[in-house]
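Residue indices begin at 1 and follow the sequence shown.
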Amino acid sequence: MSEKAKSGINRRHFIAGTAAASGTLLLGGVAPAFARGDTNRPSMPYGVASGDVSQGQAMIWSSADSPAQMWVDVSYYEDFRKFITLQGPNALAETGFASKLALTDLAPGQKVFYRVRYQSLKDWQVWGEPVVGSFSTPPAIASNIRFLWSGDTAGQGWGINEEWGGMRIYETMRQTKPDFFIHCGDTIYADGPIKAEVKLDNGDVWKNVVTPEKSKVAETLQEFRGNFAYNLMDKNVRAFNQEVPMIVQWDDHETVNNWYPAEVLNDPRYQNEQSVALLSARARRAFFEMNPIRSSATDPQRIYRKFHYGPLLDVFAIDMRSYRGDNGANNQTTASAETAFLGSKQILWLKQQLLASKATWKVIASDMPIGMIVYDDWKNKSTFENLANGDGAPKGRELEMVELLRFIKQNRIENVVWLTADVHYTAAHYYDPDKAQFQDFTPFYEFVSGPLNAGTFGPNDMDNTFGPQVLYSKHPEGGKVNLPPSAGLQFFGQVDIDAESEEMTVTLKDLAGSSLYSKKLTPVKQA
């Protein structure tokens, strides 16, 4: 911390980023007393969270249980001996009582502590008790960086089993003390109801916490919100969120399995709504309300975005769900609206951002893998959910990846690494043009991890179009599917970047925190 920061927090360092989050109280003010036992006292059942930390910016999230005014104390000191107070937006029923506050002008390379409290809108004299969180801002100079990624939370009927310790992998991840976490999608399973009990193959019973919103497929806005709230009922998730800022993406299960924008369901579970366009609109609103994600000023619905994390790292979080054409045979020989996957606007954005990046490492956080086949129709294997469509020359959605990979090579954009989840097992892949059907690209690595608290599956078939070589894979043996979290096959990835050598080490880890596979990558120095 600079001497200037030590002498007292300059008010310029903490400026609210939105009109709804404007206004400050005095530096070093005294927090109000908290009324206890009052029926109007707002509580915070889902804790606090931070996210979208980038270039001196951060988003603070929380939720009340009744109408309340959000206030956030912010400090560089853990004991809050010096702090400023920022007024956030009201937490109202219209947002599911969730609220977010954008911070800007944060000093680089600092540990920031924040304290969220709510003031009752029913009785202005009544305050709830605060909840404290923390995060670190990106460094201005080359510094050691550690971050995690994974995906797939509370899927396939495996919810919060308190007798087993809840979603234990979140505690395992917290203990690694990462700078941030990328959730690569399937943050919820809105299409996956949770039952109170599931009988395991060994005769034991997995006991889930259940709620009304998680007892059926989500159709209403409140049911989508309830799916996010369900995960936040877990003590491990709340403790993780208090200490680790997140970059959150979405995939299909935030809405419904394998969805595409023009889809109309034929699913008897959906008794009130079959239009995926409407379901996904509600899902997107809940996604933004219930996560510490920053909305784009020019495109508030946009989920893809870039994060600058100092001179060694840029992260590009993409969206493979919102702009795709229909799932189908995926075998078109020419590009068109039918072959869209990221979509032309997002592809252009990604090209421009990669080209402009001066960071040593460019990490593309993807909600689906490149060369692993994910079928839409698993029974007949005739339609496809992701871009891979089987061996051979590029076709269908693969044509978009051809465009992107060729651009990266032609513009000599070095040190691009892909991180993803979705397939519910962990793997390391090397994409080798010498072994590919399409060869006009620079070789690269893709690392896969997950699930976090969901069923384990795999392995998937591989598509040789871009020459993926399986360096490592950990998945159920003997054709077993949907193994419970208690089987131990829950996975996350850890990335460490060394400040001095600039080397990136990627490690695949399991529920116990054991290192399964590690790969050290030496950066190519750019001219």
Side-chain angles (χ1 to χ4, degrees), residues 45-47 49 51 61 63 95-98 100 149-161 166-167 169-170 173 181-195 208-238 240-241 246-259 265 267 269-270 273 276 278-293 303 317 319-322 365 367-368 420-424 449-456 482 485 490 492:
Y46 307 125
W61 177 94
S63 177
T95 60
F97 297 112
K100 294 188 290 188
W149 91 94
S150 189
D152 318 311
T153 301
Q156 292 73 50
W158 310 112
I160 302 169
N161 182 347
M167 298 187 188
I169 195 167
Y170 277 90
M173 293 194 298
F181 169 63
I182 305 172
H183 198 306
C184 290
D186 292 342
T187 52
I188 60 170
Y189 282 75
D191 59 333
I194 295 290
K195 296 180 180 180
N208 287 311
V209 172
V210 294
T211 65
E213 292 85 359
K214 281 301 297 179
S215 298
K216 65 178 292 293
V217 295
E219 298 178 85
T220 68
L221 175 59
Q222 185 55 39
E223 287 166 349
F224 284 108
R225 289 171 177 159
N227 273 258
F228 287 102
Y230 179 85
N231 293 352
L232 295 170
M233 293 171 64
D234 181 77
K235 61 182 180 182
N236 304 293
V237 172
R238 293 197 306 275
F240 182 80
N241 289 350
M246 71 177 77
I247 295 171
V248 62
Q249 298 174 265
W250 80 342
D251 191 31
D252 56 336
H253 291 287
E254 283 80 4
T255 303
V256 62
N257 187 46
N258 295 357
W259 72 271
L265 299 177
D267 187 335
R269 299 179 303 163
Y270 290 81
E273 189 53 62
V276 170
L278 181 52
L279 290 171
S280 64
R282 292 169 179 164
R284 188 185 299 263
R285 175 170 170 175
F287 179 82
F288 274 93
E289 289 175 340
M290 298 297 291
N291 285 292
I293 179 175
I303 291 174
D319 177 3
M320 291 178 161
R321 186 58 52 181
S322 300
D367 44 301
M368 299 199 76
T420 188
D422 183 64
V423 292
H424 294 242
S449 206
L452 288 169
N453 195 88
T456 316
N482 196 20
Q490 306 287 294
F492 66 96

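Counting only heavy atoms from C-beta outward, the side chains of Lys100 and Ile293 approach each other to under 4.5 Å. Tyr230 places none of its side-chain heavy atoms less than 4.5 Å from the side chain of Tyr189. Side-chain contact between Asn241 and Leu232 is present, with heavy atoms from C-beta onward closer than 4.5 Å. A heavy-atom distance below 4.5 Å is found between the side chains of Leu452 and His183. Side-chain contact between Asp251 and Met368 is present, with at least one heavy-atom pair separated by less than 4.5 Å. The closest side-chain heavy-atom distance from Asp152 to His253 is not below 4.5 Å. When side chains are defined from C-beta on, Tyr270 counts as touching Asp191, because their heavy atoms get closer than 4.5 Å. Contact check for Asp422 versus Asp186: side-chain heavy atoms found under the 4.5 Å cut-off.
Expressed to the nearest 0.5 Å, how far OG1 of Thr153 lies from CG of Asn231 amounts to 6.0 Å. Here the OG atom belonging to Ser150 is positioned 8.5 Å from the CD atom belonging to Gln490, to the nearest 0.5 angstrom. Here the straight-line distance linking atom OG1 of Thr420 with atom CE of Met320 works out to 7.0 Å at 0.5 Å rounding. The distance from atom CE of Met290 to atom CD1 of Ile188, rounded to the nearest 0.5 Å, is 9.5 Å. Residue Phe97 holds its CZ atom at 8.5 Å from OG of Ser63, rounded to the nearest 0.5 Å. Annotation: the span from Ile247 atom CD1 to Trp149 atom CH2 amounts to 13.5 Å, rounded to 0.5 Å.
Lys195 contributes no side-chain N or O that, together with a main-chain N or O of Val210, makes up a donor-acceptor pair within less than 3.5 Å. Judged purely by atom type and a 3.5 angstrom limit, Asn227 has no side-chain atom pairing as donor or acceptor with the backbone of Glu254. Under a 3.5 Å cut-off, the side chain of Glu219 and the backbone N or O of Glu273 do form a donor-acceptor pair. Remark: side-chain polar atoms of Gln249 are not paired, donor with acceptor, to backbone N or O of Gly185 under 3.5 angstrom.
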Please determine whether side chain to side chain contact (heavy atoms under 4.5 Å, CB included) holds for the pair Leu265 and Val276, giving the CA-CA distance in whole Å, both sets of side-chain angles, and the decisive distance to 0.1 Å.
CA-CA 7 Å; Leu265 299 177; Val276 170; 3.7 Å; yes

List the steps and the verdict of side chain to side chain contact (heavy atoms under 4.5 Å, CB included) for Phe224 and Leu279.
CA-CA 9 Å; Phe224 284 108; Leu279 290 171; 4.3 Å; yes

Go through it in stages, so that I can follow the logic: the residues are Val209 and Lys214, the test is side chain to side chain contact (heavy atoms under 4.5 Å, CB included), and I'd like the CA-CA distance, side-chain angles, deciding distance and then a yes or no.
CA-CA 9 Å; Val209 172; Lys214 281 301 297 179; over 6 Å; no

Go through Phe181 and Phe240 one step at a time and tell me if the ring pair (Phe, Tyr, Trp, His ring centres under 6.0 Å) criterion holds.
CA-CA 10 Å; Phe181 169 63; Phe240 182 80; 5.3 Å; yes

Apply side chain to side chain contact (heavy atoms under 4.5 Å, CB included) to Gln222 and Glu213, showing your working.
CA-CA 8 Å; Gln222 185 55 39; Glu213 292 85 359; 4.1 Å; yes

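Paired with Trp250 under the rule ring-ring contact (aromatic ring centres under 6.0 Å, His included), one option of Phe287, Phe288, Phe228 passes, and it is Phe287.
Between Pro451 and Thr456, the closest heavy-atom pair is CG-OG1, 4.1 Å. Ser322 and Trp259 make their closest contact through CA-CH2, 4.5 Å (heavy atoms, listed as atom of the first residue, atom of the second, distance). His424 and Ala454 make their closest contact through CE1-CB, 3.8 Å (heavy atoms, listed as atom of the first residue, atom of the second, distance). Residues Gly159 and Asn208 come closest through the heavy atom pair N-OD1, 2.8 Å.
For the residue pair Arg321/Thr255, the side-chain donor-acceptor check at 3.5 Å is not satisfied.
Listed by chain and residue number, Arg225, Arg285 satisfy the salt bridge (Lys or Arg N to Asp or Glu O under 4.0 Å) test with Glu289 (two or more places apart in sequence, or in another chain).
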